[in-house]
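To keep things clear, I will list the structure first and then write my remarks on it.
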Amino acid sequence: MRHEIGIALIERIHENLAAKRRELAERELRVPASPYRSGEDHAREQMLFRRFPLVMGHASELPEPGATLAHDGAGVPILIVRGADGRVRAFLNVCRHRGGRIVDARRGRAARGLICPYHAWSYGLDGRLNATSDAEAFPSVSSSSLPGGGLV
């Protein structure tokens, strides 16, 4: 879209809001359902989602440390967490051990950290691996031995 067209549309929207009116199309538009059900279209959208930044939520959805948002819309399970330091971080929503999903609920709260329900590997709100369920069984695994330190 050309810049001047975008500006004109925004001005028109502001005028309509100020006048408390809505602007309707001249006629009803019918859109076929096939693009919404097409595997090809879905695959193209997924590629688009991976090439450009996506809005996954609003900062108000992560009001305090430990607040979480799980998002699968881009075809990859993403977990967004507000850390103890107040920073918002995003990780793949999978455990480094067996790839189990860390958080299932769309919105949630992790008091002090994140725990994989599969084998109870635990991660800090900053994504770092805190502990494995059986350190003796995984002697080479530590926060420093994992690329990225924990969650990816």
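Remember, it's a predicted structure, so these values are computed and weren't measured experimentally. Side-chain atoms are counted along with the backbone in the values below, which use heavy atoms only and exclude waters and symmetry mates.
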Taking it one step at a time, do Arg101 and Val94 satisfy side-chain contact (heavy atoms from CB on, under 4.5 Å)?
-> CA-CA 5 Å; Arg101 188 174 296 269; Val94 295; 5.7 Å; no

Residues in side-chain contact (heavy atoms from CB on, under 4.5 Å) contact with Ile7, at least two apart in sequence or another chain = His3, Glu11

How many angstroms lie between CD1 in Ile80 and CE in Met56, if you round to the nearest 0.5 Å?
-> 5.5 Å

Which heavy atom of Tyr123 sits nearest a heavy atom of Arg96, and at what distance?
-> OH-N, 3.0 Å

Smallest separation among heavy atoms of Ala70 and Ala105, with atom names = CB-O, 3.4 Å

Side-chain heavy atoms under 4.5 angstrom apart, residues restricted to Ile, Leu, Val, Met, Phe, Trp, Tyr: same cluster for Leu62 and Leu54?
-> yes

Should the ring pair Trp121 and His97 be called parallel, tilted or perpendicular, given that the plane angle runs from 0 to 90° and is split at 30 and 60?
-> parallel

Could you walk me through whether Arg21 and Glu23 pass the salt bridge (Lys or Arg N to Asp or Glu O under 4.0 Å) test, one step at a time?
-> CA-CA 7 Å; Arg21 72 171 175 255; Glu23 196 172 315; 5.5 Å; no

Using the side chain to side chain donor-acceptor pair (under 3.5 Å) rule, collect all pairs that involve residues 77-91, keeping only residues at least two apart or in two chains.
-> Asp85-Arg89

Let me see the working for Leu114 and Thr68 under side-chain contact (heavy atoms from CB on, under 4.5 Å), right down to the final yes or no.
-> CA-CA 10 Å; Leu114 306 158; Thr68 63; 4.2 Å; yes

Taking atom CG of Asp72 and atom CZ of Arg106, what is their separation to the nearest 0.5 Å?
-> 9.5 Å

Considering non-hydrogen atoms only, spot the tightest contact between Ala110 and Leu125 and give its length.
-> O-CD2, 3.9 Å

Rounded to the nearest 0.5 Å, how far apart are SG of Cys95 and CG of Leu129?
-> 8.0 Å

With Val103, which of Asn93, Leu69, Ile115, Val81 fulfils side chain to side chain contact (heavy atoms under 4.5 Å, CB included)?
-> Asn93

Report the residues that fulfil side-chain contact (heavy atoms from CB on, under 4.5 Å) with Arg2, sequence neighbours left out, ordered by chain and then residue number.
-> Glu4, Ile5

